[in-house]
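A, B, ... follow the sequence lines: proteins, then strands. Residue 1 opens every chain.
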2 protein chains.
Amino acid sequence: MAAAPKLVGVSTQTVVSERPKRADARRNFDRLVAQARTAFAERGTDASLEEIARRAGVGIGTLYRHFPTRQDLVVAVVHDRMAELNAKAVALLDAPSPEDALISWLWAYLEHAGEFRGLADSMAETVQAGSLTCCADMKSAAAALLSRAQRAGVIRSDVDTLDLLQLMHAVAWSAERCGKDTARAGRMLTVVLDGLRGAPADQAGR
Amino acid sequence: MAAAPKLVGVSTQTVVSERPKRADARRNFDRLVAQARTAFAERGTDASLEEIARRAGVGIGTLYRHFPTRQDLVVAVVHDRMAELNAKAVALLDAPSPEDALISWLWAYLEHAGEFRGLADSMAETVQAGSLTCCADMKSAAAALLSRAQRAGVIRSDVDTLDLLQLMHAVAWSAERCGKDTARAGRMLTVVLDGLRGAPADQAGR
DNA sequence: ACCTGAACACCGTTCAAGT
DNA sequence: ACCTGAACACCGTTCAAGT
C-alpha cells in the first residue's frame with residue numbers, strides 16, 4: 001500500500017551485474033551473452049552450454065567462471081530488456097488511466113517473457129527468488145503500477161505483486177505451447193485480466 | 001455446443017493402453033509403473049529412467065520396449081487417476097448446480113495435476129496433442145461440464161475446453177513454485193475462476 | 001515375444017595447468 | 001586475474017545377442 005511513494009527513487013538505469021574489468025574478460029563476457037542469446041532463441045533456455053562456449057570462441061571453463069549457473073546466463077541475456085521494462089513502468093505511472101497503464105505494462109511484460117522458450121519458467125524462478133537487484137527493481141515498479149490501479153478500484157485488492165507476475169508467467173508459459181494459435185493465448189490472457197478486475201459478484205455489489 | 005449429448009456414451013472405464021500379454025512382460029510393466037510412480041513423486045517427471053529400471057529390477061532396454069518415450073511412462077503412471085477424473089466428471093453432470101459441478105471438478109483436476117513436479121507440464125503437452133484415448137475422453141467429459149455451465153450462463157461463452165484445461169495446467173504449474181504457500185496458489189486460482197465467469201462489464205450489462 | 005546390458009553419444013561440471 | 005581443455009560423472013538411447 002505504501003509501495004507507490006517508496007518507488008520515487010527507482011532507478012531506470014539498473015546496475016549492470018558486475019562486469020569483468022580486464023579487457024579480454026569483458027570481451028569474452030559480451031561474446032558469451034551474445035551467443036547465448038542466439039542459442040536461446042534457437043533452442044530455448046536449455047540450449048547446450050558447451051555449444052554456446054564453442055560458438056563464442058571460448059573455453060567451457062570461461063563460461064562457468066562468468067556464469068556459475070545457467071540462470072545467471074539467462075538473466076544476463078535479458079538484463080537490458082528488463083531495464084527497459086522498469087523504465088516503461090516508471091513512465092506509465094504518469095499515464096492518465098491507472099488501469100490502461102497497468103494493462104499496457106502487462107502486455108509488454110508478457111511479450112518479454114515469451115521471447116524464447118523456457119524464459120517464462122526462468123523468470124518465474126528468478127522473480128520468486130528475488131535475490132537479483134534488477135528483479136527487485138521490477139517488482140517495485142510493478143508494485144507501484146498495481147497499487148495505483150488498486151487504489152483506483154479497477155483491480156481487486158487481494159492480489160499482491162508476486163501473484164500478478166506469477167500469473168503473467170503462467171500465461172506466458174501456456175502461450176509457449178500455443179505457438180501460432182495467438183487467439184487462444186489472447187483468450188487466456190483475457191480471462192486472467194478479467195479475473196484480476198475482480199469477481200462479477202463483488203463488482204455488482206458496488 | 002453439441003458436446004453434451006455426444007458424451008452420453010463416454011466410458012468411465014477407459015481402455016487400458018495395450019498391456020503386454022506374456023506373464024513376465026506384464027509383471028515388468030507393472031513394476032516399472034510402480035517404481036516410476038515413486039521416482040516421480042521423489043524427483044519429479046525428469047527422474048532418471050535408468051534408476052527406475054534398476055529399482056524395478058529390469059534392464060533399461062525393457063523400459064524402452066514398454067515405454068518408448070518418457071511421456072508414455074508418465075501417462076501410464078497417472079492413467080488410473082485420469083479414469084477416476086473421467087468418472088467424476090460424468091457423475092457431476094447430474095449435480096444440481098452446473099457452476100458448482102464444474103468448479104468442483106476443476107479442483108479435483110488441479111489436485112491431480114499437482115501430484116508431482118513436472119506433471120502439469122506433462123499434462124499440458126499430452127492434452128494439447130490429444131492423441132491418447134484417455135485424454136480424448138477427459139476432454140469430452142470436461143467439455144460436457146463446461147458447456148452445461150455455459151448454457152446456464154455462469155461461465156463466459158468464448159472459452160473452449162482446451163482454454164479451460166490449459167488454464168488449469170498453468171495454475172498447477174504456478175502452484176508448483178508456491179510450495180507451502182497455498183494461500184498464493186488459492187488466490188491465483190480464484191483470479192482465474194473469476195475470469196472464467198466473465199468480465200465484470202459483461203455481467204453488469206445483463 | 002521378450003529381456004539384457006554393453007556401447008555410443010552427449011552434456012554438465014570441476015580443476016590442475018597455463019598465461 | 002583470467003583462460004583452457006582434459007577428465008570425470010551421469011544420463012538417454014540403441015541394438016546385437018540371448019532366452
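As judged by a 4.0 angstrom heavy-atom cut-off over every strand, Arg70(A) is placed among residues touching the sugar-phosphate backbone only.
Here dC3(C) presents its C1' atom at 8 Å from CZ of Arg65(B), a figure rounded to the nearest Å. The CZ-P distance, from Phe29(B) to dA1(C), rounds to 18 Å in whole Å. For the pair Phe67(B) CZ and dC3(C) P, the interatomic distance rounds to 11 Å; values are reported in whole Å. Going from atom CG of Leu63(B) over to atom P of dG12(D) covers 9 Å, rounded to whole Å. The distance between atom CD of Gln71(A) and atom P of dG12(C), rounded to the nearest whole Å, is 14 Å.
Of the two residues contacting DNA chain C, namely Thr69(A) and Gly59(B), the nearest-nucleotide position lying further toward the 5' end is that of Gly59(B).
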Give the dot-bracket line for DNA chain C from 5' end to 3' end: parentheses for intra-strand Watson-Crick or G-U pairs under 3.5 Å, square brackets for crossings, | for inter-strand pairing, dots for unpaired. ||.|||||...|||||.||
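Residue Asn28(A) places at least one side-chain N or O under 4.0 Å from the OP1 or OP2 atom of dC3(D). Considering only side-chain N and O atoms, His66(A) lies nowhere under 4.0 angstrom from the phosphate OP1 or OP2 of dC2(D).
Scanning residues 43-56 of chain A for heavy-atom distances under 4.0 Å to DNA chain D yields an empty list.
By the neighbour-count criterion of 12 heavy atoms within 6.0 Å, atom CD of Glu42(A) is densely surrounded, having more than that number from other residues, nucleotides or ligands.
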If a protein heavy atom is under 4.0 Å from the base, mark B; if only from the sugar-phosphate, S; if neither, -; do that for nucleotides 14-19 of chain D going 5' to 3'. BB----
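The line from CG of Asp163(A) to CZ of Arg184(B) is 4.5 Å long, rounded to the nearest 0.5 Å.
Here the side chains of Leu73(A) and Leu49(A) are in contact, with some heavy-atom distance below 4.5 Å.
In this structure a side-chain-to-backbone donor-acceptor pair under 3.5 Å is present from Thr126(A) to Ser122(A).
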